[in-house]
Structures are given as structure tokens and as C-alpha cells.
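Note: hydrogens, waters and symmetry copies are ignored here, and every other heavy atom, side chains too, is used. Whatever order the structure lists them in is the order used to number ligands and atoms, beginning at 1. None of these values were measured; they are calculated from a predicted model.
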Amino acid sequence: MAGCNKTIVWFRRDLRIEDNPALAAAARDGAVFPVYIWCPKDEGQFYPGRVSRWWLKQSLAHLDQSLKSLGAELVLIKTNSTLSAILECIQAIGATKVVFNHLYDPVSLVCDHNIKGKLLELGISVQSYNADLLHEPWEIYDAKGQTFTTFREYWDKCLEMERELVTFLPPWKLLQATGTVKKCSIEELGLENETEKSSNALLGRAWTPGWSQADKALTEFFDGHLLDYAKNRTKLGGNSTSLLSPYLHFGEVSVRKVFQLARMKQILFAREGNILGEESVTFFLRAIGLREYSRYLCFNFPFTHEKLLLSHLRFFPWKADQERFKAWRQGRTGYPLVDAGMRELWATGWIHNRIRVIVSSFAVKVLLIPWKWGMKYFWDTLMDADMESDILGWQYISGSLPDGHELERLDSPEVQGSKFDPEGEYVRHWLPELARLPTEWIHHPWDAPDNVLRVSGIELGFNYPRPIIEIDQAREYLTEAIFKMWELEAAAKEANMSGTNEIVVDNCENLPTPKVILRNNAPCATYSSNDQKVPSCHNSRGSHLNKRSRITQKRPLPDTEHNSHPNEATSRTNEHMSSTADSSMSKKQTTSTTSFSVPQSFSSSKGNPVLESGSSEMKQSWQERIDMEQSSSKDGAIEDECL
Ligand SMILES: Cc1cc2nc3c(=O)[nH]c(=O)nc-3n(C[C@H](O)[C@H](O)[C@H](O)COP(=O)(O)OP(=O)(O)OC[C@H]3O[C@@H](n4cnc5c(N)ncnc54)[C@H](O)[C@@H]3O)c2cc1C
């Protein structure tokens with residue numbers, strides 16, 4: 001503990017003491033003032049749900065204990081302005097510096113940038129660090145300096161980057177910087193209200209938040225289920241995957257440590273000639289890679305204040321049907337696998353990745369529920385609710401990623417049930433009303449003979465619903481919706497080209513998200529090379545931060561544009577992508593030069609959706625394609641098993 005500096009360590013989603021670069025730097029420098037600032041106003045529409053807040057509360061208490069054992073307490077502040085709270089702390093202790101670790105979600109990126117700018121303006125030294133990723137999103141580009149737009153290429157590049165991953169040991173001892181601020185107790189933060197307490201009590205049986213528990217969970221997984229991860233990772237129920245997502249979300253375990261330990265395991269497996277073990281680590285690291293990729297995409301294709309998220313769906317004729325939405329939420333769609341997933345989500349705040357894909361696809365493609373409603377519900381109910389991973393997931397299922405599912409792909413829950421829950425154990429566990437149904441019918445009870453239903457105690461439409469919609473009909477509706485979307489899109493484009501310049505908003509934007517009540521349930525201002533790259537001030541000023549989520553992508557172009565040189569198209573999209581990282585940074589910043597292309601099937605072969613959408617031949621072949629039930633992943637796609 002060399003200097004006599006007083007540093008504010010601003011904790012956010014880095015709730016650990018091990019491999020925490022901001023904490024380590026502050027401890028090296030002198031006295032520390034660890035603070036957690038809870039500003040509900042800043043959370044806006046991304047205010048965390050009940051289970052997520054429960055997790056946060058336990059984690060903060062745990063972190064406070066750990067810091068106290070090292071000599072400093074975690075100061076908790078509830079405020080209406082994060083900046084004012086930081087300034088108050090600076091004044092109270094006579095701080096010489098503020099340090100924090102980077103966040104990459106589109107809301108934090110802009111907030112952090114603004115706060116940092118203000119502090120620097122006031123002559124306060126600020127330093128930020130990478131504690132959440134293996135590689136900063138501005139470090140990974142292809143040979144031409146372009147942003148990757150497919151996961152496989154991105155991850156191959158990450159793996160080939162020769163880079164020593166530095167990890168920091170927990171500080172040996174902390175010296176508390178003192179001062180009087182308006183701090184509060186953990187209860188006063190208001191992360192859990194009285195009515196939520198009884199439901200939350202159950203969560204503690206299944207989960208123990210906190211960094212030391214994360215460490216334990218990691219060790220247990222590595223010593224146990226990692227070996228069979230390649231084989232079991234798509235199995236529903238049980239602990240086939242690591243269950244690390246909430247710990248990773250809150251930064252309770254260092255991803256660098258996870259990576260290093262996994263690589264060591266892989267080397268050991270290789271030495272032993274254990275091919276399954278080696279392969280398992282490869283798959284597990286890819287999962288970690290997907291988390292990295294979620295941050296990479298959010299950073300390189302910003303949407304909060306420039307573009308719509310899923311903007312290819314902005315003309316989609318959603319069915320804003322509250323009853324359907326309710327049936328989906330309550331697990332009463334009549335499709336056992338979907339219902340089981342939704343009941344598990346409600347009961348535990350966590351579901352397997354496969355189930356997330358199934359239930360979210362069902363909401364968007366079968367029920368035609370506005371994707372925002374579904375995403376908001378996930379946000380409110382997931383224990384690991386994480387903006388970037390959630391965004392990646394919804395993009396993946398709805399056709400906005402070049403290597404994701406196509407929008408027209410509609411998998412039958414019945415087929416998926418027999419594939420991923422062949423014995424029906426998962427369904428029986430979460431739908432006790434179907435517990436006595438023989439395996440043969442468990443994923444399609446509507447086909448079961450009357451006498452089988454009778455002896456199983458099932459009366460369809462009474463104690464278990466009939467399918468909310470026939471799957472064949474859903475396919476038809478989806479096809480119609482896609483054609484309608486094309487028509488509207490082309491009409492809007494034409495209107496714009498004829499000079500009317502009509503501003504079209506996302507169809508989803510017009511639909512208010514129904515309110516779902518989740519009951520019960522040495523002062524010198526510096527910039528350093530460590531600094532986070534953030535969207536430019538120019539773009540963030542005057543932006544409508546927090547208003548809505550957006551992402552950039554290439555949309556089907558009218559004929560004339562489609563026939564032009566590809567580079568021209570690229571340069572046109574550049575315009576829309578210019579809000580990414582601050583290009584004035586000394587590092588080569590080449591974000592924004594590529595965009596997602598909507599899978600080919602989206603735009604017609606000639607690039608004129610209007611003409612072709614009218615053609616019944618086209619409709620027919622389209623329908624056939626949809627009917628083909630594309631259950632295999634396409635070449636180069638993020639494999640189903642992975643995402
Ligand atoms: C529609 C949808 C929404 C999702 N929302 C979230 C979310 O809010 N928060 C969240 O953490 N994950 C989300 N995911 C990703 C994934 O489902 C979970 O990360 C995973 O199921 C967590 O289980 P695990 O920790 O046992 O994963 P493991 O298989 O053990 O993987 C290890 C870690 O890798 C990361 N990871 C694995 N798969 C993915 C993925 N597909 N995308 C991003 N990261 C991944 C997670 O951090 C995970 O903890 C979503 C996926 C979909 C399809």
C-alpha cells in the first residue's frame with residue numbers, strides 16, 4: 001500500500017475481490033472507499049426483476065463481508081443521480097481518484113462515458129478497467145480491420161489471439177478512506193420489498209449468490225459435469241451445464257479465471273488422451289465465447305440511440321393479443337415442452353438455453369407476440385437477466401443474425417420435445433397434470449386416444465389446455481405475416497423514394513408492453529490506454545438514451561440499390577453505423593464498417609419483395625421451405641447446440 005491517495009472504487013457488476021483490476025489498482029495506490037450506488041431512475045425500463053434484485057442483494061451483502069474482512073466496508077448509496085452520489089463521495093473523503101470496471105451494455109456505455117467526461121471536466125482523475133471480458137470489443141477485427149458478424153469467425157480469432165491473460169489476486173489488506181456520506185443499509189436500498197420476501201425465501205434453497213460461492217460452483221462443475229459437457233449440454237433438467245450465468249452476470253467470477261482453468265483442464269485431458277473431455281472444454285469455451293460475442297455485438301453495432309434492435313421486424317404485423325401473452329407466460333399454450341419451460345422459468349428464475357430458444361421462438365413465430373413483450377418478460381423473470389446475452393438470444397431466434405435461425409424457421413414443439421426430452425421427464429416434472437401420460441403422447445397429448453387420456457387423468461381443455469393454435473395454421477400465419485411485412489416495407493421504401501419522407505416507426509413501438517405484475521413470487525485528469533471506448537459524445541448527445549433498444553443491420557434494398565456494387569451498399573450502411581466507438585481514439589477503430597445482413601431468404605432473389613410477395617408460386621415454395629422443418633443448423637451457423 002504505497003501512496004497516500006484516496007481512491008473511490010465504484011462497484012457495479014464486478015462483485016468480487018479476486019481478479020478485480022479496479023480494486024487491485026486502488027489498493028496498491030493507498031486508501032480505498034468501496035461504494036455501490038443504486039439509482040433506480042437510471043435503470044429505466046431495464047429495472048431488474050424480482051429474482052435478479054434478490055440475487056444482487058445477497059451478493060452485495062457477501063461482498064461487504066469480504067471487504068470488511070480485508071479492512072474496508074462497502075458503502076451503499078441510494079440516489080436519484082449516480083454522478084451526484086460520486087461527487088458527494090469525492091468531497092466527503094477528499095478523493096484523489098475514481099476507479100471502476102467496464103460495462104458494455106448500451107445503456108451503461110453511454111452513462112459511463114458521460115460520468116467519466118463530467119469527472120474529468122472537474123479535474124478528477126478517473127480510470128476504468130476490463131474485468132468482464134477476455135478481450136475488449138475494440139480489440140478483435142478481421143484481417144481487413146472489419147468487425148466480425150458471425151460467431152465462428154469471431155471466436156476463432158479470439159482463440160488465435162496470443163495474449164497473456166493477467167489476473168489479479170485479492171488485495172492482502174485494505175485501508176479504509178473515511179468520510180461522511182448519506183449511506184444506507186442493504187435493506188434500505190429497497191432491492192426486495194416485503195411482499196417479495198416470502199417467494200424469494202425459496203430461491204435461497206437452490207442458489208447461493210456471492211463470489212465465493214461462484215468459485216465453489218466453478219470448481220464443482222470443473223471437477224464433475226465438465227467432462228460430459230459435450231454429451232450432456234443439450235439435456236434438459238439436471239445440472240448438465242455450469243449454471244454460472246447469474247454469477248457471470250454480476251461479475252462474481254472472473255471470466256479470465258474461468259478461461260484459464262478450462263484451458264488447463266483441456267491440456268490435462270489431452271495428455272490423458274481423453275477426447276470427450278477435450279471436446280467438452282471446447283464446447284464450454286464456445287459458450288463463454290458467446291457471452292463475449294454478446295458484448296462484442298452490442299458494442300460494435302450500437303442500437304440504443306441510433307437504430308432499432310431487430311429493426312428488420314419493424315413492419316411485422318404483430319398480434320398484440322394479451323390473452324395469448326398471458327397463456328404463454330402461465331405455461332398454458334397446450335404445448336407441453338413450451339409450458340414446462342415457462343413454468344420452470346416462473347418457479348426458479350432460470351431455464352436451460354435450449355428451452356430459452358424454444359419458448360422465445362414460440363412466442364414470436366407461433367403466437368406472433370411482439371418480441372419486446374417476450375424479451376421484457378425474460379428480463380423481469382430471469383435470475384441471470386443480462387442485457388447483452390438476452391439481446392443476442394432474441395436476435396438469434398428472430399432472423400437478425402447471419403448465423404442465427406431464419407425468421408421463417410418454425411420448429412414444432414412436439415418434434416423438439418421428442419428430441420430434447422425423449423422420455424418426457426422434464427415435462428412431467430414441471431407439468432404434474434401430465435405426469436401419468438405415457439411417453440408416447442407426452443409431447444402431443446391432443447393426439448392421445450380418449451381412453452389413454454382418461455386413465456392418465458387428463459381432460460383436455462379442462463385440466464390441461466388444447467393447443468392454443470394448430471402448428472400448421474401457425475406456419476400459414478407466419479408466412480402471411482412475413483409477406484405482409486415485406487409489402488409494408490417495400491411500400492414504405494417507395495414512399496420515401498418518392499419524396500414523401502414518411503417516418504415509419506417500429507410496429508412494436510406502437511404497442512405498449514402490457515404491465516405484467518409479477519406477484520410473489522493526485523488529482524490529474526487522465527485518459528489511459530485502459531480506458532473504455534464508448535459511443536462518441538457527438539452521437540450520444542441528444543440521443544434518447546434508455547428509450548429503446550436498437551441494432552443496425554442491412555435491410556432488403558430496392559432493385560436499383562441491390563444491383564449496385566457491393567461496396568456502395570457497404571458505404572451506405574456505414575452512415576448508419578457511425579455511432580459506435582469513438583473513432584478519435586488512438587487505437588485503430590474499424591467498427592461500423594460492416595453490418596448484419598438479413599439472411600438471403602428474407603429479401604427476394606431480385607431484391608424486390610413487393611413484386612414477388614404477390615406471386616402465389618413464390619408463396620407456395622416459401623411455404624414448402626417453412627414446412628421442411630429446418631431442424632438442422634445451416635452451414636456456418638452458430639450451431640443449435642451452442643446458442
Ligand atoms: C432468448 C434467449 C435469452 C437469453 N437470455 C440470457 C440472459 O438474460 N442472460 C444470460 O446470461 N444468458 C442468456 N441467454 C443465453 C443462455 O441461455 C444462458 O447463458 C445459459 O443457458 C446459462 O446457463 P449456464 O450458465 O449453465 O451455461 P453454460 O452452458 O454452462 O455456459 C457457460 C456460460 O457461457 C455463457 N453462455 C452460454 N450460452 C450462451 C449464449 N447462448 N449466449 C450468451 N452467453 C452464453 C453464459 O454466461 C454461461 O453461464 C439467453 C438465450 C436465449 C436464447
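Taking D132 as the reference, R291, R295 meet the salt bridge (charged side-chain N to carboxylate O under 4.0 Å, His left out) condition, with sequence neighbours excluded. Residues satisfying the salt bridge (charged side-chain N to carboxylate O under 4.0 Å, His left out) test with E18, not counting sequence neighbours, are K257.
With hydrogens and angles left out, the side-chain atoms of H405 and Y396 include a donor and acceptor closer than 3.5 Å. In the model, D384 has a side-chain atom that pairs as donor or acceptor with a side-chain atom of S245 under 3.5 Å. For the residue pair N130/N101, the side-chain donor-acceptor check at 3.5 Å is not satisfied.
The contact set between ligand 1 and F284, taken as ligand atoms under 4.0 Å from a residue heavy atom, comprises 30 (O), 32 (C). The ligand atoms of ligand 1 that sit less than 4.0 angstrom from a heavy atom of S245 are 11 (O), 22 (C), 23 (O), 25 (O), 49 (O). Taking every non-hydrogen atom of A385 and a distance limit under 4.0 Å, the qualifying atoms of ligand 1 come out as 8 (O). Ligand 1 places these atoms under 4.0 Å from at least one heavy atom of F378: 1 (C), 3 (C).
Under the 4.0 angstrom criterion for non-hydrogen atoms, I397 is not in contact with ligand 1.
Scanning R233, R356, R291 for the heavy atom closest to atom 18 (C) of ligand 1 points to R356. By heavy-atom distance, the residue among S389, P246, A287 lying nearest atom 10 (C) of ligand 1 is S389. Compare V258, L244, I288, V255 by their heavy atoms: the one nearest to atom 33 (C) of ligand 1 is in I288.
In this structure, R356 forms a cation-pi arrangement with W350, its terminal cationic atom sitting closer than 6.0 Å to the ring centre and no more than 45° off the ring axis. Both tests pass for R233 against the ring of F283: distance under 6.0 Å to the centre and angle within 45° of the axis.
Counting heavy atoms under 4.0 Å from ligand 1, residue T241 touches it through both backbone and side chain. Heavy atoms of W350 found under 4.0 angstrom from ligand 1 belong exclusively to the side chain. With a heavy-atom cut-off of 4.0 Å, N353 touches ligand 1 through backbone and side chain alike. Within the 4.0 Å heavy-atom criterion, neither part of W379 lies near ligand 1. Contact annotation: for F221 versus ligand 1, there are no heavy atoms closer than 4.0 Å.
When side chains are defined from C-beta on, V357 does not count as touching D411, because their heavy atoms never get closer than 4.5 Å.
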